[in-house]
Structures are given as C-alpha cells and as structure tokens.
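Here the structure is laid out as structure tokens; the discussion comes afterwards.
The structure presented is a predicted model; accordingly, all values stated were derived computationally and were not measured.
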Amino acid sequence: MSYLGENIKKLGFGLMRLPKVDEKIDIEHVKKMVDMFLAKGFTYFDTAWAYPGSEDAIRQALVERYPREKFQLATKNAAWINCKTREDAIAQFETSLKQTGAGYFDFYLLHNLGLHRTKFFEDFDMWNFVAEQKRLGKIKHVGFSFHSTPEELDEILNKHPEAEFVQLQINYADWENPAIQSRGVYEVARKHGKPVVIMEPVKGGLLANPPEQVAEVFKKANPDASLASWAIRFAASLDGVITVLSGMSNLEQMENNTSYMENFRPLDDAERKTVDEAREVLASIPIIPCTTCNYCAKVCPQNIGISGSFTAMNIFTLYGDLKAAKHEESWLVGGHGKNPAGACIKCGACERVCPQHIQIRKELVRVHNTFN
C-alpha cells in the first residue's frame, strides 16, 4: 500500500533562510546548495508566498535548471496577510505560480492556521478553491501549516478531513513545552491519520548551539555527531513523517545535514535516552515557570502578551540569542494582537490569578529592559 511521501527522503530544503549578499538572496550560492541537495537524492523544497524573494529564487536556482519531475515543490497561501477579499487570497496562488514558474505545486499549504488566522480561510472559501485547483492539476496534495493548540488542530481536522497532511513545529526542546505542545499536536495529527511535515526541528537554529550543559550530554554520547543532527534525527524518527524541513543558509549546513540524512537511520533506544536526558537538562535550567495557562491575560487591563513575553525571555535565558528571542516576542506578542511588556501599569491583577505564583510585574520589567 502506498502512502503520501513514501518516495521522499526525510530531509526537506526549507527556503526561508537563504544566503544573502547585501540583503539580496545570493542566487549563485543557492544554485550550489540545490545542486548538492539533489545530487544526494533529496527532492523536497519548501517555500511560501510570504517568504520575500524565496519563490523567485527557487525558480532561478531549481525550476529553470532541472526537469519538473525531479523534485517536489511546496508553497503556501497566507490569506490573513493583507487580504480583504477572496480575490486577494486567490491572487497569492496565481502569484506563486508565476514567481516559481513551476506549473503546479506538489504540496500546497494554507499557511499558519490557528487563532484569528483560521477564520480568513473559511471566510474566503479557500478550502474549496484549493480543492478546485487540485481537480485542475495545479495542486497535487493539499494541507496546512499550524501553530496553535492540540484542541484547535483537532477542531480543524474534524471540519476539514480533506486535508491530506499537516505541517507542524516539532523538536525535542518543544516536545513537552506548554507554549508549543509539539507532542500534543503531533498526536492529534496521527489520531486523524494525517502524515506530518516537520518544521523548526532545530528551533530556528537554536538547537544547533544549545546550552553547554545540553551540548555536553550529546558530545558524551557521540562526540562526532553534530548537535543539529540529534535534533533533525529526533524529528525524522517519528512515525508518519513525510519529511523534516531544515532552513539551510549555506553549503556547510547543507553538507552537514545531507551527510547523516542521506542514508537516514532512526534513533535507536540508547540515542532516544540521550535525547530524553538532554531534554531533562534543558528543563532544569532556571527559567520563568510559565505554563501558558493565560489566566493572567484574561484579567490584564492592558492586554499584555504576558505568556508570549515570558516564552521569549526563556529563549534568551536558555540560548543567549537576543535576535531569536526578540523575533519570538514579536510573533507571540505583537503577532497575536497583544501589547508588549512595557505597557504594564503594575496593577497586580495578573499575580492574583497566577497558579504558578510568578512575580509577573517584576518579570515584565526584566523582559522590557532586555528587549528594549
């Protein structure tokens, strides 16, 4: 019995972090990366209308240089970005066809469902639109990417069983993280029998350079294996995975990732225990003990993104990467319609309802001082 993705190798080329020169994508460098990727037998490329310059770059580096049947191309529709009408959302699909020159998409995703974004795809009847494009042969497989709760994923899949796959953020650091709930959303997808494309297996690059205590666990187990390889192999070892996307930015990353994924071997029992140990060490590092229950948000008169601010602060504490932490804050706070930590008026309403007894006002000041 065949299944979706059976002939696709477990490493996909994510095209969101392509190499740049003077803020412009370095097409010649991308061509070399594409050549190496295909030469090693990998075929899955993932772009999106919302990734500036990415669709045009992959047209030049891949589509115009290789036979169409030699690769799979995925792109995405973000109907919640600057779309006021159904025609605006449909125009994204037409733009993607033009920018990639691909003729059709092997995998087409409704991009980043969850919270307020889900509504746009319903209001613009995009599910019926992509079904029609599939009938016309312009799309082979329809799915969606998702950043929200297991409960909301279950609701969407109950409403849209026609979705053939889902793309989820899964990595060993977020597996039990209450802010991301990687295990929870993965289990919902599998309950519905949906194959999974994995994104953020290295958590935006953070797990390629984890805290020293975590790195020591992996180096002790296998001093020759790259730290990124543990993260990607953890994700690729899960059942029902079509491929694991890595947003590679240079030939060195490409060479490293393809070296251990070319003849992919799932984690064995000893390696799984190593990853579990690393996760426990990561969890033992002192961070703000927020469980994202969001009781605080319900009583905050300033509509502050408290849990999102704390998740971003914890990323900075764990990885020391201010840029990544600020990016997370921008997405989890501003991207969710919330106000930043600096808007706190110190009323204390949040602290009276916090089950974890966090000194929220004090921590919000720390967040504000760190990110501003």
Side-chain angles (χ1 to χ4, degrees), residues 2-20 25-48 51 54-55 57-75 100-102 105-107 140-141 165 167 170-171 195-205 207-209 218 222-268 271:
S2 64
Y3 61 92
L4 183 58
E6 67 175 335
N7 296 317
I8 297 174
K9 282 198 170 187
K10 289 293 183 75
L11 178 68
F13 188 175
L15 304 168
M16 191 170 79
R17 301 180 177 91
L18 295 174
K20 293 183 178 181
I25 293 174
D26 185 346
I27 299 296
E28 294 307 311
H29 195 145
V30 177
K31 287 179 180 178
K32 293 176 182 177
M33 295 174 74
V34 165
D35 293 345
M36 180 183 292
F37 190 70
L38 289 170
K40 295 291 186 73
F42 300 96
T43 57
Y44 192 105
F45 297 81
D46 172 87
T47 183
Y51 301 165
S54 178
E55 290 185 331
I58 207 58
R59 173 181 54 77
Q60 297 180 63
L62 172 69
V63 178
E64 294 179 348
R65 299 174 63 238
Y66 286 92
R68 183 63 182 85
E69 67 276 9
K70 296 296 184 182
F71 58 88
Q72 295 88 30
L73 184 62
T75 195
T100 62
F105 299 113
D106 301 272
F107 293 81
K140 287 192 173 182
H141 302 291
F165 67 99
Q167 184 163 308
I170 295 176
N171 56 67
V196 175
V197 173
I198 291 179
M199 57 182 161
E200 302 292 353
V202 194
K203 202 170 172 63
L207 299 182
N209 185 32
F218 290 127
N222 185 349
D224 297 324
S226 71
L227 297 170
S229 73
W230 286 96
I232 290 178
R233 288 183 61 226
F234 165 80
S237 296
L238 295 169
D239 290 336
V241 171
I242 296 173
T243 197
V244 177
L245 303 175
S246 178
M248 294 171 277
S249 302
N250 54 55
L251 276 169
E252 182 182 10
Q253 292 174 0
M254 176 69 72
E255 189 166 15
N256 175 50
N257 285 343
T258 55
S259 69
Y260 58 82
M261 291 299 289
E262 187 174 6
N263 298 299
F264 170 66
R265 178 179 59 81
L267 295 177
D268 60 30
E271 290 171 322

Is Arg233 salt-bridged to Asp268, going by a charged N under 4.0 Å from an acidic O? no

Asp106 and Arg68, any side-chain heavy atoms less than 4.5 Å apart: yes

Does Thr258 have any side chain to side chain donor-acceptor pair (under 3.5 Å) partners at least two apart in sequence or in another chain, and if so, which? Lys40

Sub-4.5 Å side-chain heavy-atom contact between Pro19 and Met33: yes

Could you tell me whether Glu28 and Arg65 make a salt bridge, using a distance below 4.0 angstrom between a side-chain N and a carboxylate O? no

Between Tyr44 and Phe107, what is the ring plane arrangement, given parallel below 30°, perpendicular above 60°, and tilted in between? tilted

Side-chain contact, heavy-atom cut-off 4.5 Å: Leu227 with Val202? no

I want to check something: taking the side chain as every heavy atom from C-beta on, are Glu262 and Phe42 in contact at a cut-off of under 4.5 Å? yes

Taking it one step at a time, do Leu238 and Val196 satisfy side chain to side chain contact (heavy atoms under 4.5 Å, CB included)? CA-CA 9 Å; Leu238 295 169; Val196 175; over 6 Å; no

Candidate pair Lys32 and Glu255, rule salt bridge (charged side-chain N to carboxylate O under 4.0 Å, His left out), full reasoning: CA-CA 11 Å; Lys32 293 176 182 177; Glu255 189 166 15; over 6 Å; no

Does a side-chain heavy-atom distance below 4.5 Å link Glu271 with Arg265? yes

Check for a donor-acceptor pair, side chain of His29 on one end and backbone N or O of Leu251 on the other, with a separation under 3.5 Å. yes

I'd like to check Asn171 versus Phe234 (side-chain heavy atoms, cut-off strictly below 4.5 Å). Are they in contact? no

Close side-chain approach of Val34 and Phe45, heavy atoms under 4.5 Å: yes

Are side-chain N/O atoms of Glu55 and Thr100 paired as donor and acceptor at under 3.5 Å? no

Going by heavy atoms in the side chains, are Phe37 and Met254 under 4.5 Å from each other? yes

Sub-3.5 Å donor-acceptor pair from the side chain of Asp46 to the main-chain atoms of Ala74, do we have one? no

Here's a test for you: under side-chain contact (heavy atoms from CB on, under 4.5 Å), which of Leu18, Leu245, Thr43, Asn257 qualifies with Phe13? Leu18

